[in-house]
Structures are given as C-alpha cells and as structure tokens.
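The structure under discussion appears below in the form of structure tokens.
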Amino acid sequence: MGRRKPGKPRRERTQTYTLQQLHPPGYDEWLNIGSDFTADAAAADSHLDEDAVDLMRRFARLRPLYRGLIPMQAVQLDLALDEGVIPISKGDDEYAALIPMEEVAALMGAESSGRGVRESLHRLHSVGAFLVEEAADGVPLVRIVSQPPQRPGDPWIFHGTAEDALVPSTCIPARPGDLPHDEFAALAFIRAHMSRGTEPLPEEFAKHDGIDSVGRARQLFEAVAELAQEKGCGTCPSAHLCTRVEAAR
C-alpha cells in the first residue's frame, strides 16, 4: 500500500512560488492590499484628488491578479497599458521598441483582444513571464524573461542575454490564435517540459491562474495530446516542432 516499485524514480513534489518569493531584480517595493479593500471609500473621500482616487481604483483592480503582495512595477505597467503600447527591451545592448499591447499578448500566448488583454498581461507579469524596469527617462521598460527561477535563489534569465543562449528553446506547433488560450497554455506547458526532459504534471499545471482544478488540467492535456507529440525537421530536438519557414531550413 503506497509502496514504490523498485527502480521507479520518486516523483518530486512541485511548488508554486509567488513573484515576491522569487526576488525579481529591482522589485523593492511591495503593496499589501487587503482582500476587503475597495476603491469606493477613496472615491467618497473629499481629501483625495483625482490622481489618488485613480491609484486606489488601480489597486482594487490589480489585487486579484497577483498572488501575495503586489509589486509597484504592476502599477507602472498598468499606467503604461493606458497608452495601448508597451516599450519592450530587445536585449542587453539593443534598443527598446514600442509594441501594441495586443501584439505583445498574442506573441506570449495570452488573450489578445477586448478587455481581457490588460488582465492577461498582468497575469503574465505575476508569474514572471516578463519584468518591468525603469528606463533612464522614467518610462517603464518591459524585459521578456526566457526562464524565470524554478525556486528562490535561482537566476532570472532574460531574452537577448548571453545566458539566454543556454536555455533550451521550445517550439510550439501552433500559434496563439489557433487554439483557445487555455489549450495553448497547456500545449506550451507540455512542450516546455518535453524540451527539458521533465514530466508535465496536471497537478502542477492546475496551479496556473484560470485552470483551477486538476480535472480541468487533464482535460486540456487530452485536448492537445496529438499536437504535443508532433515532431519537426531532423535538425530540431526531438521534442520540438520546427517553426522555421522552408527557406530557413
């Protein structure tokens, strides 16, 4: 009863950490917004000006999107999203480009139209898919993360850096718009584990925002099972599908 078979490796327990626990660089100010916080009291306070009331409303909107404390960078990101474009860093020694937020969301496999875009980008930020830095002119600058830490103390690896070249790439045999966003997230999760040679567990995927249950995670895994096994050209790692155009092969 409960005995492990000889020679069968023990399955490691996975743990999901909050953004604060992973110590993102430059994230020094965190906001503790209580679950009972509302912006209504602030709106009714005659001592607060419009900017202060607007900030309180942002706090109320951001609180359910971040597990644990909210970084001040989330507020900076929210302000940038008001403009509809995001300054994206192109790497350590390259320029930043202003990219429409819908395009950024689509490239990262998130909801890319309607009111859900802002929420999707905050959820990506909350799990460390990108971080927000302050540029020299005070404008928030987004840096895409190639590999967030697995646990506290591990390094953050950013897109375009020397360390980025050492991170196993993951080719995904679909584009964000080809599948519902939760199926695309499941496919990306499975393929990322395949590229690392680790087992994609529905129990781990169920901890992601919007999945909510192991049963739902298993349903999504089943829905993308055929796509997850597709192979690419001979020069791709076996877990990848070659996403390059024919001329580039």
Side-chain angles (χ1 to χ4, degrees), residues 11-35 58-59 61-81 86-89 91-92 104-105 107-110 118-135 140-170 181-182 185-186 188-212 214 217:
R11 180 176 291 175
E12 293 184 4
R13 257 179 219 278
T14 59
Q15 181 173 346
T16 302
Y17 296 97
T18 66
L19 187 61
Q20 185 191 30
Q21 289 172 321
L22 294 175
H23 306 295
Y27 281 49
D28 302 320
E29 189 174 353
W30 298 83
L31 305 168
N32 186 6
I33 310 297
S35 58
R58 290 181 196 273
F59 288 167
R61 187 170 65 243
L62 293 175
R63 189 197 61 75
L65 303 181
Y66 288 81
R67 292 186 304 113
L69 304 184
I70 301 173
M72 183 55 74
Q73 283 83 351
V75 179
Q76 296 169 348
L77 173 64
D78 203 61
L79 289 165
L81 293 176
I86 305 176
I88 301 286
S89 170
D92 277 348
V104 175
L107 288 171
M108 301 188 76
R118 183 186 293 260
E119 179 177 323
S120 294
L121 289 169
H122 275 294
R123 291 193 184 281
L124 287 169
H125 181 216
S126 74
V127 297
F130 63 82
L131 296 183
V132 179
E133 298 179 346
E134 188 172 306
L141 180 67
V142 166
R143 293 192 71 189
I144 304 299
V145 174
S146 295
Q147 182 172 288
Q150 298 284 317
R151 60 190 60 83
D154 286 355
W156 287 83
I157 299 178
F158 296 96
H159 175 73
T161 62
E163 295 82 2
D164 181 30
L166 304 176
V167 176
S169 59
T170 304
H181 72 276
D182 52 358
F189 178 84
I190 292 170
R191 296 287 283 210
H193 274 275
M194 290 173 71
S195 70
R196 295 196 297 264
T198 55
E199 183 182 359
L201 302 176
E203 293 83 0
E204 181 182 351
F205 186 61
K207 298 175 184 176
H208 288 225
D209 287 327
I211 307 304
D212 300 331
V214 175

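Numbers here are sequence positions counted from 1.
- A 4.5 Å side-chain heavy-atom check between Ser126 and Leu65 finds every atom pair outside the cut-off.
- Minimum interatomic distance between Pro87 and Leu141 (heavy atoms only, all atoms of both residues): O-CD1, 3.6 Å.
- Here the straight-line distance linking atom CD of Glu119 with atom CG of Leu62 works out to 10.5 Å at 0.5 Å rounding.
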Report task. Applying side-chain contact (heavy atoms from CB on, under 4.5 Å), run through Ile86 and Phe130 and close with a yes or a no. Result -> CA-CA 12 Å; Ile86 305 176; Phe130 63 82; over 6 Å; no

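- Of the inter-residue distances, the one linking Tyr17 atom OH with Arg151 atom CZ reads 6.5 Å to the nearest 0.5 angstrom.
- Across all non-hydrogen atoms, the minimal contact from Ala80 to Pro140 is CB-CG, 3.9 Å.
- A distance of 8.5 Å separates CG in Leu131 from CZ in Arg143, rounded to the nearest 0.5 Å.
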In residues 26-33, what donor-acceptor pairs under 3.5 Å come from side-chain atoms, sequence neighbours left out?
from	atom 1	to	atom 2	distance (Å)
Tyr27	OH	His125	NE2	2.7
Tyr27	OH	Val132	N	2.8
Trp30	NE1	Tyr27	O	3.1

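- Considering CD of Gln76 and CG of Leu81, their distance stands at 12.0 Å, rounded to 0.5 Å.
- The side-chain heavy atoms of Pro148 and Trp156, taken from C-beta on, include a pair separated by under 4.5 Å.
- For the pair Arg61 and Arg118, the minimum side-chain heavy-atom distance is below 4.5 Å.
- Between Leu19 and Pro24 the shortest side-chain heavy-atom distance falls below 4.5 Å.
- A distance of 7.5 Å separates CZ in Phe59 from CD1 in Ile70, rounded to the nearest 0.5 Å.
- Rounding to the nearest 0.5 angstrom, the gap separating the CZ atom in Phe189 from the CG atom in Leu201 is 6.5 Å.
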Query raised in the report: Going through the distances and angles, do Gln147 and Asp154 end up as a side-chain contact (heavy atoms from CB on, under 4.5 Å)?
Result: CA-CA 10 Å; Gln147 182 172 288; Asp154 286 355; over 6 Å; no

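- Every residue two or more places apart in sequence or in another chain was checked for a side-chain contact (heavy atoms from CB on, under 4.5 Å) with Pro64, and none qualifies.
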